[in-house]
There are 4 protein chains.
Amino acid sequence: MNSDVFNAVGEFVTPTYLSQAMASRNQMSHCFQQLLSQRRIPDDGWETNYIEMFIREVSLWDSNNFASRSAVGEREGRCLSKMVRDRHWGLIHGIGRSGDVNAEQPKAAGSSFLLSLTRTLVYDALKNIFGIVNVPRDIVVLPIATGMSIMMGMTAVSQMHGDAKRRNVIWSRIDQKSCIKAMTSDPNLQVHVVEQKRQDGVLMTDMEEIQSLIHSLGGPDHIHSIVLTTSTFAPRSPDNVPAVSKICKDLAIPLIVNNAYGLQCSKCCHLISDALRVGRVDLVVQSMDKNFLVPVGGSVLFGPLAETVNKIYPGRASMSPILDLLITLLEVGKNGFKKLLADRRANFEYLKSKLEEILPGQILHNPKNQISLAISLPKATEKLGSELFLRNVSGARVFVANDESVKRMDKNITVFKNFGCHTTVPIVPVYLNAACAIGTTKAEIDLFVTRLKDRIDKTLS
Amino acid sequence: MNSDVFNAVGEFVTPTYLSQAMASRNQMSHCFQQLLSQRRIPDDGWETNYIEMFIREVSLWDSNNFASRSAVGEREGRCLSKMVRDRHWGLIHGIGRSGDVNAEQPKAAGSSFLLSLTRTLVYDALKNIFGIVNVPRDIVVLPIATGMSIMMGMTAVSQMHGDAKRRNVIWSRIDQKSCIKAMTSDPNLQVHVVEQKRQDGVLMTDMEEIQSLIHSLGGPDHIHSIVLTTSTFAPRSPDNVPAVSKICKDLAIPLIVNNAYGLQCSKCCHLISDALRVGRVDLVVQSMDKNFLVPVGGSVLFGPLAETVNKIYPGRASMSPILDLLITLLEVGKNGFKKLLADRRANFEYLKSKLEEILPGQILHNPKNQISLAISLPKATEKLGSELFLRNVSGARVFVANDESVKRMDKNITVFKNFGCHTTVPIVPVYLNAACAIGTTKAEIDLFVTRLKDRIDKTLS
Amino acid sequence: MNSDVFNAVGEFVTPTYLSQAMASRNQMSHCFQQLLSQRRIPDDGWETNYIEMFIREVSLWDSNNFASRSAVGEREGRCLSKMVRDRHWGLIHGIGRSGDVNAEQPKAAGSSFLLSLTRTLVYDALKNIFGIVNVPRDIVVLPIATGMSIMMGMTAVSQMHGDAKRRNVIWSRIDQKSCIKAMTSDPNLQVHVVEQKRQDGVLMTDMEEIQSLIHSLGGPDHIHSIVLTTSTFAPRSPDNVPAVSKICKDLAIPLIVNNAYGLQCSKCCHLISDALRVGRVDLVVQSMDKNFLVPVGGSVLFGPLAETVNKIYPGRASMSPILDLLITLLEVGKNGFKKLLADRRANFEYLKSKLEEILPGQILHNPKNQISLAISLPKATEKLGSELFLRNVSGARVFVANDESVKRMDKNITVFKNFGCHTTVPIVPVYLNAACAIGTTKAEIDLFVTRLKDRIDKTLS
Amino acid sequence: MNSDVFNAVGEFVTPTYLSQAMASRNQMSHCFQQLLSQRRIPDDGWETNYIEMFIREVSLWDSNNFASRSAVGEREGRCLSKMVRDRHWGLIHGIGRSGDVNAEQPKAAGSSFLLSLTRTLVYDALKNIFGIVNVPRDIVVLPIATGMSIMMGMTAVSQMHGDAKRRNVIWSRIDQKSCIKAMTSDPNLQVHVVEQKRQDGVLMTDMEEIQSLIHSLGGPDHIHSIVLTTSTFAPRSPDNVPAVSKICKDLAIPLIVNNAYGLQCSKCCHLISDALRVGRVDLVVQSMDKNFLVPVGGSVLFGPLAETVNKIYPGRASMSPILDLLITLLEVGKNGFKKLLADRRANFEYLKSKLEEILPGQILHNPKNQISLAISLPKATEKLGSELFLRNVSGARVFVANDESVKRMDKNITVFKNFGCHTTVPIVPVYLNAACAIGTTKAEIDLFVTRLKDRIDKTLS
């Protein structure tokens, strides 16, 4: 409702009553104005009515919502179902155009604006909420999850190399299938697994092995890329990204970092931040859902290769995960996210102390991993994971060392032993992983500890 | 979003793409502007997104939606449930204030505006859709249904008379309980039932009896009011409102007209219109739900007493039925309503012709009743109503004359014989009523006729 | 989805994964089962998805939502606007039938069920949340607000008296227009105002005057009813309902109690409870919105006359306020409401202590009023109310004694002096009222105190 | 609500009224049952309330919606924003697991079920609505759009070849960037553009050139794949898929078909169907949004390679586009889609005839292309496209031949001349494309023709 319209309201209501109404409208406009001029996530989240108004108005800017339009192309943002249209506020056109999935779409100025705004706010989040102070400004947000983004990143590296025939990927082992699939999808690449090194009872990046591999594979010119991971299951530690990034810088080797759920952890963010400062980092990929608590389906990328991934992405893509992220940023606000991060840190300590209480001495020591805990268990408890799952405990996984287990995920990757344990020689024969991720509540931790104790007591008695 | 904000968008999107977006926004603002300046229901209904935007913005004007407000009263429009708040778009304050239920509420400029707007649009509807060309401008809309509004109307008449001790109500019989309850709630009133007169096979207002009653009750000074009904079940006809209104004018007797679902029928509207022109009409009451197809709960009043009813109404009241009506007027539009009225007329003829086909000669003739049909039936079919109801036919009712049935509804009303038949001497011993009201579809009529024929065949075979 | 359907799902998903899904469904069914069998508000509120599922399923039971139905009556629950239908979940038929507004409607089994359920849960709330332990079981909920319900109650009393010509209403003064209008709407009644008695600096019910009035008006046979109020603005106290109820019992005089926003205050509830035990109470009326924090539009009635009000109510009525109440009860839960009541008590003390800090000695002492405070002010601050309103403080009202002001609200009520102060002789010449009602937050109190101090400082400096 | 709960309702409502309510519930359960047992899109679309109920119930099966759950993993389907959660009905977990993006997710039985159901219904749609009678049963639906799916298909072919070093892609030219990007993303591939052959004034697949290229590139063992397109802009025709598929079968060359918006056109579907019967087709990719009118973001894949694409997809993905598709299929129903297809055919003829009227003789003849029309234009009208866009005509594009224009999209693809015209030697120097896609209305066509004529008249006068 523009000012002219508002003035006409004076014919219906005593003007004196309208002055405060006007102030209330201006309050909302002020919020909008501030968002756009400051380009920052609001400190306090907006009430949902403001968010609704904002999105609804912006959706009017997409051509499919123009009055009296005539669409004679083959993709015109039509939507058959009112239920579907409503849940997307009429934002039907998706994002991007053939040239670039983060580019403006002439038919959809509103969607394009929301995408651009989201990228800006995510930059603010990375820098001012998660603390990657030197994050590059050109953030890319994609409606594909982490694994798919890493796969695109691998392709981007290949394009960068062009004919250069750099085929060898060096990868610090983490037993997580989607990253492996992302690296091995291109049959032209050969993935070399670098085992974790055990040091002070902790699994850590084996720097010597990485350097030795570069050499044995024929030198930097034969290395396609190095792939590291920050957010990991204990007893594995986050990879030593700064150290590797320096090697990459020195030897001109591309570095891809899987920071899947690492934004929520200041340790992981510091590793990224340090690496950006001292070395070479081509691409950092993080999950939207795991860090921002939105539905699965998006990822956030930065680093010089991010823009290349953008350009490789063929055609348009779903707006939905980006919209989820934008709404969440506006609704939760900066203070809301900061509180969630502080709560997570406190709850992680709480989880650790509660587990120490019921299982003294069994928590594997790893000060570098501030998200996941590993708890050594007796052999008899190997079914604990599924037992807990049946009792509505999800995310707790039991790993049992099995030296016989040898696995090859794909033709173009070296073999694994003890898959699941992130190492060929597990630190303990049986252990349980539990994490305290962003959003985990104290009540959940209490439930978990109670049910865990109950199962262990039953199993061992 | 005001213009300043929109301009800031240019930092995020190529300005050339925004020109059309701007045009699209202006299109919406133009709709709003037109509504307020023309004070008329839009010819074509608005798309729901516009309606949402309109209501959401207006709801910001209510004090309970002000940012940083402090409320230290006992009624401040708080709403505990987000689900409830959302379904009312934060319009929590209801309508009215102690002085007048249609008055502005200082704490709720938005709600007050919507009420005022609704009254204006209902005036337009009555005049320009339903054709009561001389309807008085001051329409009252109340969140109470027809019966309750008539009861308030009776009280308004009593207040007008004050000490004058006019206690006798003259009422042209229609066997519908809520009107009777509305008239008899005040034990000081005495309701005199005027039987329908049979003329040309049709039940009609007995003008002579009305006049004779006025006389026998001691003359106009002893008459509290006359109550008539326009929308009726066949074979009863709409009351002769113009003729009675002339008597009322001549003798200074208040006239209340129950036009419950009469707006949808041009015959009923013409009766009202004629009466307004030639005689005295104090109050006309019509149902919101039956004429505008909104949820049960509201009524529309006009006539000199409407404002008095307003003033009698103690305190505030629900906004919900008014909001339903406003949304419906905006969404359906003038053309939509006109089409519904035309469809109704056509479907009424269709219903009649289909019934004539399967039950030739059994449709009771009554050219004055253009909504309801009465079909003469053999005695054996008296259970037809409930049988049809079990077959998902609702609204079809069977009446069986029973001269033994004598009923007194309340102490202060004369007795009834053959209650349900609107007359002591039914035209036929057994008959079925079926109506073709606004919104009835051809498909429903076909279903009804098929199921009716099936039941009659089964019963009689 | 019934069990057969769920079983068919096993064709699509590995059955083992479905066992937990089944458990989750059963959890919801268990909630529903418990609600219906225990007939109590759930201790912890339901998540909104459960409430949605519950209402949606029940709405299928209303005939307007039957598949392949044919409706040939004049009121068939049609709804033109999808937006309107959605916001009411297809519950279009309203409540009641001609005989009784709280009765079952054959065309709307679902709506009827929800109404019946709401009445049952409100009984639970009155007894087990608000502490009226001896509340009669037959609670009536009506989609009309407090004032209108009191007016209906007056009519119910009139019907009870019938011809008995008891015309005098005795009313303990409280300067609130809608109650006055409710009593004076019937011009046959004469309302006699009993002034508050001043005792220990507090305004209290003048028992002697009530008794003397009964006598002077010709004895109990000439008294239509006595009307009292529990929830009041300081320095007025809640009326002494138990004492008056004993008189009413002894002398067979009907007693109506306006307990508008008294449920939230244990003092008021105890007064009602005591009166129910020791005396005669014909009707107690309370506001839905003020006690349950739902949109304006409903009231809760109990006492022997409640059922009569039901029966007097002519025709059907809006379902909307009842649905709001039901949703709120299910969403907030018993513990949620108990917490709100405890918070209110604590916040009331907090408000008092903060005001004492900034305006020492100016809070008028009244231990009987636990909702509203009166603060004595210098003359110069008489514009404080509107100044605060402009600063988004609502509900704070300033009263200035003016002995010249004499007011007669209606012909059939005695005159008022100093209307607004609840007494002809105000305790202090200028004072401000502020309340701490259910839902008021500490943050609001802080805002109020800050803004109040700011205005007073500015005015007096 | 299971049967036990329903029975408890009998305590609240007269059981006789509940029998019909029960029937209404059963009607809904019957719909669900039929859907699951018949595994077919309902003939008539469901009303949205049924769809809501269905999704809401199923969402309870996902572990994030379990009551009293404890989640101690790093991805647990948490959702911060209620607004976001509501728009996804709590379906937060996305689809897939590391092994397979169309696989069941143990933590999300509900989402997994909806995915499986959608795949089944899309099979039904392809076979029984769009008429690809011999479509393979294992449909894959992916939350990535067409271009991205083709890119994944190229990778799947590469994996199939493994070390075989088949690097040459043969591609029948169509000037559409996202397909080109999809083929050229892998720098190891070399794309060879086969120009369209001009025959009878129509651009057609140059079969001879394809065969000759296979030979000149060293024979089938050097061919990575052939890529064809069915849905094209006039004057290009759909590729001769059957003929090429026979070659592919004979020579064991993988064939990928871009059927982007071809489902809506029976000509395209017949080409696919014939090819499936007579030759080799490895993968057919179609757009969700363009064929099913849902928001941009998904695609439908079939053919033997579809399952491989599934397996290559690393990790989980967004549920949102799949949910949109499912809702649309249920809401529109089979008959709704069939009507849309029939309307499209009729409207295409209408568009052609209206254009013939205003621009006689200028429509380029191409009976093979039943979606897009090319209209020869005078040189002066080259700005027509943007002029129309400014007049809210979207999708109409003007192409101007420019023999000087030589373009290389990427290093690994041969050059283009006259990019945009699909051929180095355009049939006419200037032409306009307009399409009549599914969902285009007659009113839009009328608007387009009027505005087009107006612009041409103005330009040429």
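Naming: A, B, ... by sequence-line order, numbering from 1 per chain.
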*Would you call the rings of A/Phe292 and A/Phe337 parallel, tilted or perpendicular, where under 30° means parallel and over 60° means perpendicular?*
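Correct class here is perpendicular.
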*For D/Lys339, does the NZ atom have more than 12 heavy-atom neighbours from other residues, nucleotides or ligands under 6.0 Å away?*
no
*Heavy-atom count around D/Lys165 NZ within 6.0 Å, excluding the residue itself: above 12?*
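More than 12 within 6.0 Å, yes.
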*Do A/Leu373 and D/Val72 come close enough that some side-chain heavy atom pair is under 4.5 Å?*
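Sidechains of D/Val72 and A/Leu373: no contact.
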*Just wondering, do A/Thr328 and A/Leu293 contact through their side chains at under 4.5 Å, heavy atoms?*
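No, side chains not in contact.
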Can you see whether [X] engages [Y] through a side-chain donor-acceptor pair at a distance of less than 3.5 angstrom?
X: D/Asp62; Y: D/Ser111; result: yes
X: D/Arg78; Y: A/Thr440; result: yes
X: D/Asp410; Y: D/Asn412; result: no

*Any side-chain hydrogen bond (donor to acceptor under 3.5 Å, both in side chains) involving residues 142-161 of chain D? Give me the pairs, sequence neighbours left out, ordered by first then second residue.*
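side-chain hydrogen bond (donor to acceptor under 3.5 Å, both in side chains) check on residues 142-161 of chain D returns D/Ser149-D/Ser299, D/Ser158-D/His224.
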Choice from [options] maximising heavy atom contacts with chain A below 4.5 Å:
options: D/Ala434, D/Ser68, D/Pro143; value: D/Ser68
options: D/Cys179, D/Ala182, D/Ala443, D/Ser231; value: D/Ala182
options: D/Leu340, D/Ile180, D/Val84; value: D/Val84
options: D/Ser287, D/Gly162, D/Gly45, D/Ser81; value: D/Ser81
options: D/Lys82, D/Arg85, D/Gln264, D/Met148; value: D/Met148
options: D/Gly77, D/Cys79, D/Gly96; value: D/Cys79

Could you tell me which of [options] has the largest number of non-hydrogen atom pairs under 4.5 Å with chain D?
options: A/Arg75, A/Met151, A/His88, A/Lys290; result: A/His88
options: A/Ser70, A/Cys436, A/Gly147, A/Gly336; result: A/Ser70
options: A/Ala396, A/Ala71, A/Pro321; result: A/Ala71
options: A/Ser185, A/Ala145, A/Gly94, A/Ala156; result: A/Ser185
options: A/Arg391, A/Glu76, A/Arg316; result: A/Glu76

So for [X], is it side chain, backbone, both, or neither that comes closer than 4.5 Å to the heavy atoms of chain A?
X: D/Val332; answer: side chain
X: D/Arg397; answer: side chain
X: D/His93; answer: backbone
X: D/Ile371; answer: neither
X: D/Tyr261; answer: side chain
X: D/Ser372; answer: neither
X: D/Glu52; answer: both
X: D/Ala67; answer: backbone
X: D/Phe389; answer: side chain
X: D/Asp324; answer: both

*Grab the two heavy atoms, one from A/Ala317 and one from D/Val296, that are nearest each other, plus how far apart they are.*
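Smallest heavy-atom distance, with atoms named: O-CG1, 3.7 Å.
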*Report yes or no: does A/Lys181 contribute a side-chain atom to a donor-acceptor pair with the main-chain N or O of D/Tyr313 at less than 3.5 Å?*
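Side chain of A/Lys181 to backbone of D/Tyr313, a donor-acceptor pair under 3.5 Å: yes, one is there.
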*Indicate yes or no for a side-chain donor-acceptor contact from A/Arg87 to the backbone of D/Arg87 under 3.5 Å, with no hydrogens or angles considered.*
yes
*With A/Ile51 via side-chain contact (heavy atoms from CB on, under 4.5 Å) - residues at least two apart*: A/Trp46, A/Ile55, A/Ile327, A/Leu330, A/Glu331, D/Met83
